[in-house]
Amino acid sequence: MTMIQNVYLTIFLIAMLMLLDYYLTMKGFKLYKQKTYKYIKLESYELNTMFKESVNQSTYNFKHLLSVALVSIFVYILYYASYNEILFFHKSTYHFIQGMIFSMFIYINSKHLQNIMTFNAVNRNPSILSGKIKQTTLFSLKSGIAHSFAAFLVLLSLFLLVPSFFTFGFAIGPLAITLKQRKWLKKK
């Protein structure tokens, strides 16, 4: 299986996925505030504690830009160490982490797109919902854990069918999200 060999292309794609994550978060929140909020009251739209306040205020958090830069630097250092076999790193280490990071942000962005599609449907035709539900952050985290774990199982089967370090990392991406959400859950 061929992975992306060019580290600069990898860094560019990951940075774009990270920037898209924030953009889609803001787009989803804007759509949520149009009509969906009348039917589904979210205790907090954003679950990432680092960005929760800025998303709720519809502003950009420059910590996000810093995180994009840090992840980009991490990927380059990992690439360099792996391709030069420094310490315990090998090319397989790089491809595993590369697959994991791609998977995490593709999964996160797919969840944002799901929200956007759902909110668009409600905004166009509010009659598809009736009643009102209050969704706590605890529920959002627990359902997020269930969804990301389900995605891990699907991607794990892909790894079993097409084994490589990249597909193994790709399978682990949603599991890493599951663990992150469990960490946020413990803070609740």
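Numbers here are sequence positions counted from 1. Everything numeric here is computed off the predicted structure, so don't read it as measured data.
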Stepwise side chain to side chain contact (heavy atoms under 4.5 Å, CB included) test for Lys33 and Ser58 = CA-CA 11 Å; Lys33 290 191 313 183; Ser58 297; 3.4 Å; yes
For [X] against [Y], the heavy-atom pair lying closest together:
X      : Y      : result
Gly173 : Met104 : O-CG, 3.3 Å
Thr167 : Val162 : OG1-O, 2.6 Å
Ser140 : Gln135 : OG-NE2, 2.9 Å
Gln34  : Tyr37  : O-CE2, 3.5 Å

Residue of the set Ile106, Ile101, Ile4 for which side chain to side chain contact (heavy atoms under 4.5 Å, CB included) holds with Leu13 = Ile4
Between [X] and [Y] (side chain of the first, backbone of the second, donor and acceptor by atom type, cut-off under 3.5 Å), is there such a pair?
X      : Y      : result
Tyr45  : Val55  : no
Asn123 : Leu31  : yes
Ser143 : Phe139 : yes
Asn84  : Ile86  : no

I'd like to check [X] versus [Y] (side-chain heavy atoms, cut-off strictly below 4.5 Å). Are they in contact?
X      : Y      : value
Thr93  : Phe88  : no
Lys91  : Tyr83  : yes
Phe152 : Ile177 : no
Met18  : Ser67  : yes
Tyr79  : Ile11  : no
Leu70  : Phe74  : no
Phe12  : Asn6   : no
Ile133 : Tyr39  : no

Going through the distances and angles, do Lys111 and Ile108 end up as a side chain to side chain contact (heavy atoms under 4.5 Å, CB included)?
-> CA-CA 5 Å; Lys111 295 301 288 179; Ile108 289 168; 5.8 Å; no
Do the rings of Phe119 and Tyr32 sit parallel, tilted or perpendicular, given the 30° and 60° boundaries?
-> tilted
When the ring planes of Phe51 and Tyr22 are compared, do they come out parallel, tilted or perpendicular, using 30° and 60° as the limits?
-> perpendicular
Given Thr137 and Trp184, is the side chain to side chain contact (heavy atoms under 4.5 Å, CB included) satisfied, shown in steps?
-> CA-CA 10 Å; Thr137 301; Trp184 293 338; over 6 Å; no
Can His112 and Thr25 be said to form a side chain to side chain contact (heavy atoms under 4.5 Å, CB included), step by step?
-> CA-CA 6 Å; His112 289 312; Thr25 299; 2.9 Å; yes
Does the side chain of Glu43 come under 3.5 Å of the side chain of Thr136 through a donor N or O and an acceptor N or O?
-> no
If you draw a 6.0 Å radius around CE in Met117, do more than 12 non-hydrogen atoms from other residues or ligands fall strictly inside?
-> no
Centres of the Phe168 and Phe96 rings: under 6.0 Å?
-> yes
